[in-house]
There are 2 protein chains.
Amino acid sequence: MRYTPSVTHYVESSGLPADVYSAKCPTREVLDHIAGKWTVLIVDALAERTLRYTELRRRIEGISQKMLTQTLRQLEADGFVTRTAYPTVPPQVEYTLTPLGHSLRSPIAALREWVEAHINDIERARQSR
Amino acid sequence: MRYTPSVTHYVESSGLPADVYSAKCPTREVLDHIAGKWTVLIVDALAERTLRYTELRRRIEGISQKMLTQTLRQLEADGFVTRTAYPTVPPQVEYTLTPLGHSLRSPIAALREWVEAHINDIERARQSR
DNA sequence: CTGAATCCCTGAGGATACTG
DNA sequence: CAGTATCCTCAGGGATTCAG
């Protein structure tokens, strides 16, 4: 049962309303992808400009090769990121946001900025317990 | 090393700049909390109004008791949600967003709305591979 | 109704080594 | 440089049961 959405979108493949609260709606899976720690950081990093594999690795402190590659592949599959490989020696691979990926910039950046802006409120809330 | 943030906030407990890209910055952990599938759905559900435990469970299709309780506890600890128990029989427990939690509404809702608005673009991107 | 407690299992994710 | 391949660990998270 759907609540009172401000705007109702429809999933073309099923004809049903797009609803993240519905377990089977494909939006739920996408939300899981986007609401992943690494996804947020990668998309936000690429928001500024195209980056190479190693640049991403250095920028996102603490990410492992495995998770970086894996998350990039998923972002590619979802159509958020384009991978461009130049057949040079040594190889050079660039990652860029697609137009779809760019449209994600704003909500993702808002999330990052909110966290950075409210970290002190949160730490205070934690201590008063 | 920090890039070019639009605004720099500081973590009072350390005096260092708030930076989700830094592995040890406390903002990273908070981002992990917020960027969880259940967190997004719970905060978004509570954005509209106070809800009882069972109401939340019904609203968020597919969530288990364990994850609902666990995520609510974390939201409480982070200061996003208030838990109010009425000593009635049967018990009644209400969950409400705190002012801090309310400030999260906008970025969270933006994320949900983005997903619902772009699900068709994403499904198309997936098929063309 | 609102949980807490327990069991269990899959998969997220790190570490390391190897390759074109 | 940009990965792939393995191994391994641990925690996320489901299912079930019990309780105030």
Side-chain angles (χ1 to χ4, degrees), chain A residues 20-24 28-43 45-46 49-78 81-97 129, chain B residues 20-24 28-43 45-46 49-78 81-96:
Chain A
V20 292
Y21 290 104
S22 170
K24 277 151 212 153
R28 178 71 76 89
E29 185 193 353
V30 173
L31 182 61
D32 292 353
H33 290 184
I34 292 177
K37 52 187 290 190
W38 300 127
T39 304
V40 171
L41 292 173
I42 291 176
V43 170
L46 291 177
R49 65 176 180 88
T50 295
L51 290 174
R52 298 175 56 175
Y53 185 83
T54 307
E55 289 178 317
L56 275 169
R57 221 154 85 93
R58 275 195 298 260
R59 174 119 176 72
I60 302 171
E61 222 175 277
I63 195 171
S64 65
Q65 269 192 347
K66 179 179 172 181
M67 289 317 296
L68 178 54
T69 300
Q70 188 172 305
T71 310
L72 283 170
R73 295 287 173 273
Q74 187 171 76
L75 291 172
E76 255 193 286
D78 285 342
V81 158
T82 303
R83 177 182 183 277
T84 310
Y86 298 95
T88 57
V89 178
Q92 174 163 348
V93 180
E94 288 183 352
Y95 292 93
T96 312
L97 290 186
R129 328 179 58 238
Chain B
V20 291
Y21 290 104
S22 170
K24 277 151 213 156
R28 179 70 76 90
E29 186 193 352
V30 173
L31 182 61
D32 292 353
H33 289 185
I34 292 178
K37 52 189 289 192
W38 301 128
T39 303
V40 170
L41 291 173
I42 292 176
V43 170
L46 291 177
R49 65 176 180 88
T50 294
L51 291 174
R52 296 178 56 177
Y53 185 82
T54 307
E55 289 178 317
L56 275 169
R57 240 176 75 131
R58 275 195 298 260
R59 176 115 176 74
I60 302 170
E61 220 175 279
I63 194 171
S64 64
Q65 270 193 346
K66 179 180 173 182
M67 289 317 296
L68 178 53
T69 301
Q70 186 173 305
T71 309
L72 283 170
R73 295 288 174 273
Q74 187 171 77
L75 290 173
E76 257 192 284
D78 285 341
V81 160
T82 302
R83 177 182 183 277
T84 310
Y86 299 96
T88 56
V89 177
Q92 174 164 349
V93 180
E94 290 182 351
Y95 292 93
T96 313

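Just so we're clear, the structure is a prediction, and the values are computed from it rather than from any experiment. First the proteins, then the strands, lettered A, B, ... as listed; each starts at 1.
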Looking at [atom1] of [X] and [atom2] of [Y], how far apart are the two atoms once the value is rounded to the nearest 0.5 Å?
{"X": "Arg83(A)", "Y": "Tyr53(A)", "atom1": "CZ", "atom2": "OH", "value": "10.0 Å"}
{"X": "Leu75(A)", "Y": "Thr82(A)", "atom1": "CG", "atom2": "OG1", "value": "11.0 Å"}
{"X": "Ile63(B)", "Y": "Leu72(B)", "atom1": "CD1", "atom2": "CG", "value": "7.5 Å"}
{"X": "Arg73(A)", "Y": "Leu68(A)", "atom1": "CZ", "atom2": "CG", "value": "9.0 Å"}

So, is [X] close to the [N] phosphate, meaning a side-chain N or O under 4.0 Å from OP1 or OP2?
{"X": "Arg57(A)", "N": "dC1(D)", "result": "no"}
{"X": "Arg52(A)", "N": "dC1(D)", "result": "no"}
{"X": "Arg83(A)", "N": "dA2(D)", "result": "no"}
{"X": "Arg58(A)", "N": "dA2(D)", "result": "no"}
{"X": "Tyr95(B)", "N": "dG3(C)", "result": "yes"}

**Message:** Looking at Gln65(B) and dA4(C), is any side-chain donor or acceptor paired with a base atom of the opposite kind under 3.5 Å?
**Reply:**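 Such a pair is found, so the answer is yes.
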
Figure out the [atom1]/[atom2] separation between [X] and [N], and round it to whole Å.
{"X": "Arg73(B)", "N": "dG12(D)", "atom1": "CZ", "atom2": "P", "value": "17 Å"}
{"X": "Asp32(B)", "N": "dG13(D)", "atom1": "CG", "atom2": "P", "value": "12 Å"}
{"X": "Gln74(B)", "N": "dA11(D)", "atom1": "CD", "atom2": "P", "value": "14 Å"}
{"X": "Gln92(B)", "N": "dG3(C)", "atom1": "CD", "atom2": "P", "value": "11 Å"}
{"X": "His33(B)", "N": "dA11(D)", "atom1": "NE2", "atom2": "P", "value": "14 Å"}
{"X": "Leu51(A)", "N": "dA2(D)", "atom1": "CG", "atom2": "P", "value": "11 Å"}
{"X": "Glu29(A)", "N": "dG11(C)", "atom1": "CD", "atom2": "P", "value": "14 Å"}
{"X": "Ile63(A)", "N": "dA12(C)", "atom1": "CD1", "atom2": "P", "value": "14 Å"}

**Item:** Arg28(A) (side chain) donor-acceptor with Val20(A) (main chain) under 3.5 angstrom
**Value:**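 Checked: pair present.
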
**Request:** Report yes or no: does Glu61(B) contribute a side-chain atom to a donor-acceptor pair with the main-chain N or O of Ala23(A) at less than 3.5 Å?
**Result:**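 Checking the backbone N and O of Ala23(A) against the side chain of Glu61(B), a donor-acceptor pair under 3.5 Å is found.
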
**Prompt:** Taking the nucleotide of DNA chain C with the closest heavy atom to each, which residue, Met67(A) or Thr69(B), is nearer the 5' end?
**Reply:**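 The 5'-side residue here is Thr69(B).
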
**Asked** For Pro90(A) and Trp38(A), take the nucleotide of DNA chain C holding the closest heavy atom to each; which residue's nucleotide lies nearer the 5' end?
**Response**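 Residue closer to the 5' terminus by nearest nucleotide: Trp38(A).
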
**Asked** Where do Gln70(B) and Gln74(B) land on the side chain to side chain contact (heavy atoms under 4.5 Å, CB included) test, with the steps shown first?
**Response** CA-CA 6 Å; Gln70(B) 186 173 305; Gln74(B) 187 171 77; over 6 Å; no

**Prompt:** So what does Gln70(A) touch, heavy atoms closer than 4.0 Å: a base, only the sugar-phosphate, or nothing?
**Reply:**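 The answer is nothing, as Gln70(A) stays clear of every strand by at least 4.0 Å.
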
**Prompt:** Within the structure shown, what part of the strands sits under 4.0 Å from Tyr86(A) by heavy-atom distance: base, sugar-phosphate, or nothing?
**Reply:**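 Nothing: the residue Tyr86(A), judged by heavy atoms under 4.0 Å, touches no strand.
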
**Asked** Choosing from dG20(D), dA2(D), dG14(C), which nucleotide comes nearest the side chain of Thr54(A)?
**Response**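 The answer is dA2(D), which lies nearest to the side chain.
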
**Request:** Please determine, for the side chain of Lys66(A), which listed nucleotide (dG3(C), dG14(D), dA15(C)) has the closest atom?
**Result:**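 Selected nucleotide: dA15(C).
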
**Request:** Going by the side chain to side chain contact (heavy atoms under 4.5 Å, CB included) test, name the single residue among Thr50(A), Val81(A), Leu46(A), Leu51(A) that passes it with Thr96(A).
**Result:**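 Only one of Thr50(A), Val81(A), Leu46(A), Leu51(A) forms a side chain to side chain contact (heavy atoms under 4.5 Å, CB included) with Thr96(A), namely Thr50(A).
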
**5'-to-3' dot-bracket of DNA chain D (Watson-Crick, G-U; under 3.5 angstrom; crossing pairs as [ ]; | other strand)** = ||||||||||||||||||||

**Request:** Report the residue (Leu72(A) or Pro91(B)) whose heavy-atom-nearest nucleotide on DNA chain D is the more 5′ of the two.
**Result:**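 It is Leu72(A) whose nearest nucleotide is closer to the 5' end.
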
